[in-house]
Amino acid sequence: MPETPDAALEELYREVILDHYKHPRNRGRLDGPGAEAVELQNPTCGDEIRLSVRVQDDRLADLRFEGRGCSISMASASLMTEACRGLTRDEAVALCAGFKAMLAGAGEPERLGDLAALSGVAQFPVRVKCATLGWNALLRALGGGAAAGDGGAMDA
Amino acid sequence: MPETPDAALEELYREVILDHYKHPRNRGRLDGPGAEAVELQNPTCGDEIRLSVRVQDDRLADLRFEGRGCSISMASASLMTEACRGLTRDEAVALCAGFKAMLAGAGEPERLGDLAALSGVAQFPVRVKCATLGWNALLRALGGGAAAGDGGAMDA
Amino acid sequence: MAAVAALPPKAAPFDPETVRADFPILERRVHDRPLVYLDNAATTQKPRAVLDAEDRFYRRHNANVHRAIHTLGNEATVAYEQAREAVGRHLGAADGRGVVFLRNATEALNLVAWAWARRRLRPGDEILLTPMEHHSNLVPWQMVARETGARLRFIPVGPDGALEMDALDRDGLLGPRTRVVAFAHCSNVLGTITPAEELCRRARAVGAVSVVDAAQSVPHAPVDVGRLGCDFLAFSGHKTYGPMGVGVLWGRPERLEAMEPLFGGGEMILKVELESATWNEVPWKFEAGTPNVAGAVGLAAACAYVRDLGQDRIAAHEAALTRLALDGLGDCPGVTIHGPGPGSPRGALVAWSADGVHPHDLAQYLDQEGIAIRAGHHCAQPLMRQLGVVATARASFGLYNTAAEVEALVGAVRRAREFFHA
Amino acid sequence: MAAVAALPPKAAPFDPETVRADFPILERRVHDRPLVYLDNAATTQKPRAVLDAEDRFYRRHNANVHRAIHTLGNEATVAYEQAREAVGRHLGAADGRGVVFLRNATEALNLVAWAWARRRLRPGDEILLTPMEHHSNLVPWQMVARETGARLRFIPVGPDGALEMDALDRDGLLGPRTRVVAFAHCSNVLGTITPAEELCRRARAVGAVSVVDAAQSVPHAPVDVGRLGCDFLAFSGHKTYGPMGVGVLWGRPERLEAMEPLFGGGEMILKVELESATWNEVPWKFEAGTPNVAGAVGLAAACAYVRDLGQDRIAAHEAALTRLALDGLGDCPGVTIHGPGPGSPRGALVAWSADGVHPHDLAQYLDQEGIAIRAGHHCAQPLMRQLGVVATARASFGLYNTAAEVEALVGAVRRAREFFHA
Ligand SMILES: Cc1ncc(COP(=O)(O)O)c(C=O)c1O
Ligand SMILES: Cc1ncc(COP(=O)(O)O)c(C=O)c1O
């Protein structure tokens, strides 16, 4: 644990994060063939993301996102779009696993490039859901894993 | 409070009570004109009573009961049938009030004759429901008061 | 309850420093700073009197209730039923007959929705709500509306956070089709105090039942079910200095009589056959299974605690804190306060948005200074949408909070803005 | 769980004297005699470890869960979710995903009846029960049967207290129409241990869901949901050395996924609009409103407590006490013991009738000697009718009971006979 409050905070909110929060990369939507969009929400706080992915020849040719949320969720999504562009599906899924391992305090952050800026989140378990919102949307878009929260719906 | 366990018990279980329990007076049912029957149960313990009353010229000409329960509930019902025979409705309701006052530790037991044998019940609040089972059936039969327990019914 | 409006306390003003020692958790340090707990609308801290009441119950009297002849069973039953009486009187009722002990306010509101409304509503019937309800007083009605074909209607909330009562007639919101009028006595986001007496009276006039969600009012001021004129009222023990796991539905006894139980089981029956059963009396017919006896005893202790301190004095103290927070936060650059402006009645809480600092980030920052506030949708997503935000920050006060704590909050909110370069 | 049947304990035999000091209430005197608490099937006493866990939660970590960023909120959330994991593992599950925290076993059973069965059952469908169910596992099914047109059927109980399993085929009790098979793992009156694995297997074979009321088994022996093969299992914290106000429904996660929530409100939602809502994940979608966090933490402490003592050793100890009681009471003149005879598996309780001494009177007499037993219908009126009694007396054992206490019971039962001239 960093010693002073500010040190802990600086660790959580590295400059990279604040930068991606203020200046998100790859904002927007994708249409057209091969584009897949997923909306996801974090029920604990209301943060929302809409992620569009275009897969071409098994590669993530493009990713765009829109959403509203805290610096951690938005910066994480922004960093993700950069990190995943051009990866194959399998590579993206593997990267996601590596990223989640880092948030669980394990894994090798140094192999994650800019994403390592989010390693401080591991100290703040409640914020892990913020950091993974965009990634869970990605997993869902790739047709994989049980992403958070869609137990069912009710329309009155 | 009586001092030894046995003294407290002797106070609760006076000979009169054990006698009425072993040899209940006025057991049975009444039929014919003017006879009214009421069934009541104590939900906390399952004790049951079926009380029949024949009112003639505003007087309780006859009372009979059947039931299953502890010594207190059965002796109380038996004593009640004796105490109430021949009273007018109003007198019976008043006697019931006096009896319940005694169980609440108030009133004047000495004016209640044999019923005073049940005054020891006041020391045992859980048993008050036993002692009042028959009396609540009487109140119900006389068309009065909210007797215990008939919130509703369900038949599956 | 006009928490801020009318405040001439009869007794000496209330000094929170004298009561802080009653709350063991306030000695706690967080990130090496003294805990500044400003999340009381989520749950309050517990005074020693409450912890001790529960503990004493378990160490001396613990037994199941209602069916036992033995001494402990009798003591437990007496303690439980006395707690019911105490809670009834705390709500201004003559006794405990209308008090149903449940898990929390949510369960209480659901009980009315499922046991009262579901059995009575027909297609075309209307349920009148407000758009600032906590999900616990919204989602149950959505569920029941879907089952019965009833329709939900909403009294609009104006920009000042007040209900637009004109709309009742103007938009025909209240009328012969209205069967239920359900609303928060105090909004957990805006702090708005709703005109509860008037709403109950108007509900009665059209033959609708009124349901008051008092989760945020009972903890802060005397609430009197007779004065309100409501049919049902719900609150949670844990938000009013009592234990978790106990909540209350108060119901007008005639209403409870007419209502079928929702859950079947032990305690709530009179006679059971294999194929059928008859119900126990009110209120026990709604309490299936072993109740939280220790919780009820703890809640009664909490009621006694605030009565002893003086509910009016507590209300005046909390109103002063709220005013301080409104002023202090209102002066922070970039901060927008939601809800009624100064001078309007308001509960003991303030929610706000700060330009460029997401509420989560703000809450995280404050936590590093030991200050606990809430950030999020406060279980009021529809209201968030109306406010045009996904989340807000909220500080909510309890009797042990101090002016110094409010000042610490305001200072930290200012510093957060710098930290996030907002 | 064959509490009496198979008992070679691995470790040293269990000495209750060493654990009595863990239970503060056991120092209590009743009518000037040491308390002999033999009403454990109604509720158990709480060890200091449980009281301290709750207390520590309130004194150090108390906050609402799931939505808070501040430190206390985070700690409370972690404590609550760790309690869920602990309870899940206590039931032999890999994790806590199937664990829904509710008020008590009754609420858990009602949740299955209302949320699962009510939405799925059609006229002609069948619910298979036994006539020895506690009202909490009977009345909810009656209610749901009435709403859906389903039919209740009952596996007969023989004179020895055992289920007549032959009747399943012989009388066509179990078949394609069976949608639910619900039964007590251990009868709270007869002590019968039902063939739960077989019943779950047979339920599965016809596509029915199995619901195990484990209120009287979880407190006394290891229960493993995987081994049982059940779909749902319910128990109460307060009967297994935990606090009041917390109970558990364990559900096979696929079943829980497919089940709609019953109550709406905070915590259980994902997204709420004014007119509609979507649900949170399993198990949270069934936990509307603020949960009893301290209660869950206390229950986890209770599970740890019995595991540390050794559940098999406790079971062996309680079986020995039960045998002693069966022998001792069986020798009393005028006493008829209900339920399985010696040699058959039996839970840690004995119910009996005594000629000429009504159970109430007997309980009253015993209370004067400090001995707490239960007298009544034990929330099993239909079974009472089959036994031909309105009430029975019941002694039920916990890990802290001793052979001397059982002897005191037997002696007092004999003396009561004299007192009542029976
Ligand atoms: C077999 C059985 N099932 C269910 C229950 C109900 O438990 P609770 O009252 O804690 O809901 C009990 C306890 O009385 C029981 O013995
Ligand atoms: C206005 C209001 N109603 C209802 C609730 C629900 O309370 P609980 O979660 O204790 O059931 C809350 C608390 O979150 C609230 O603020």
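These figures come from a predicted structure and were not determined experimentally.
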Atom pair [atom1]/[atom2] of [X] and [Y] - distance to nearest 0.5 Å:
X: D:L38; Y: C:H70; atom1: CG; atom2: NE2; answer: 9.5 Å
X: D:F57; Y: C:K46; atom1: CZ; atom2: NZ; answer: 8.5 Å
X: D:T44; Y: C:N62; atom1: OG1; atom2: CG; answer: 7.5 Å
X: D:H238; Y: C:N64; atom1: NE2; atom2: CG; answer: 5.5 Å

Most heavy-atom pairs under 4.5 angstrom with chain C, which of [options]?
options: D:Q364, D:Q45, D:E267; answer: D:Q45
options: D:P140, D:P359, D:P291, D:G376; answer: D:P140
options: D:E54, D:H377, D:H61; answer: D:H61
options: D:V272, D:T43, D:T106, D:N104; answer: D:V272
options: D:N137, D:T71, D:V293, D:I373; answer: D:T71
options: D:V30, D:L109, D:I371, D:L51; answer: D:L51

Heavy-atom contact with chain C under 4.5 Å, split by part of [X]:
X: D:L26; value: neither
X: D:T290; value: both
X: D:L102; value: both
X: D:Q386; value: neither

N-O pairing of [X] and [Y] below 4.0 Å:
X: D:R59; Y: C:E27; answer: no
X: D:E147; Y: C:R118; answer: yes
X: C:E275; Y: D:R153; answer: no

Hey, could you give me each pair passing salt bridge (Lys or Arg N to Asp or Glu O under 4.0 Å) that has a residue in residues 289-298 of chain D? Not counting sequence neighbours.
none
Could you go through C:Y58 and D:Y241, starting from their C-alpha distance and side-chain angles, then the distance that decides it, and tell me whether this counts as ring pair (Phe, Tyr, Trp, His ring centres under 6.0 Å)?
CA-CA 11 Å; C:Y58 283 129; D:Y241 309 103; over 10 Å; no
Those residues at least two apart in sequence (or on a different chain) that pass salt bridge (Lys or Arg N to Asp or Glu O under 4.0 Å) with C:R56 are none
C:N292 side chain vs D:R103 backbone, donor-acceptor pair below 3.5 Å:
no
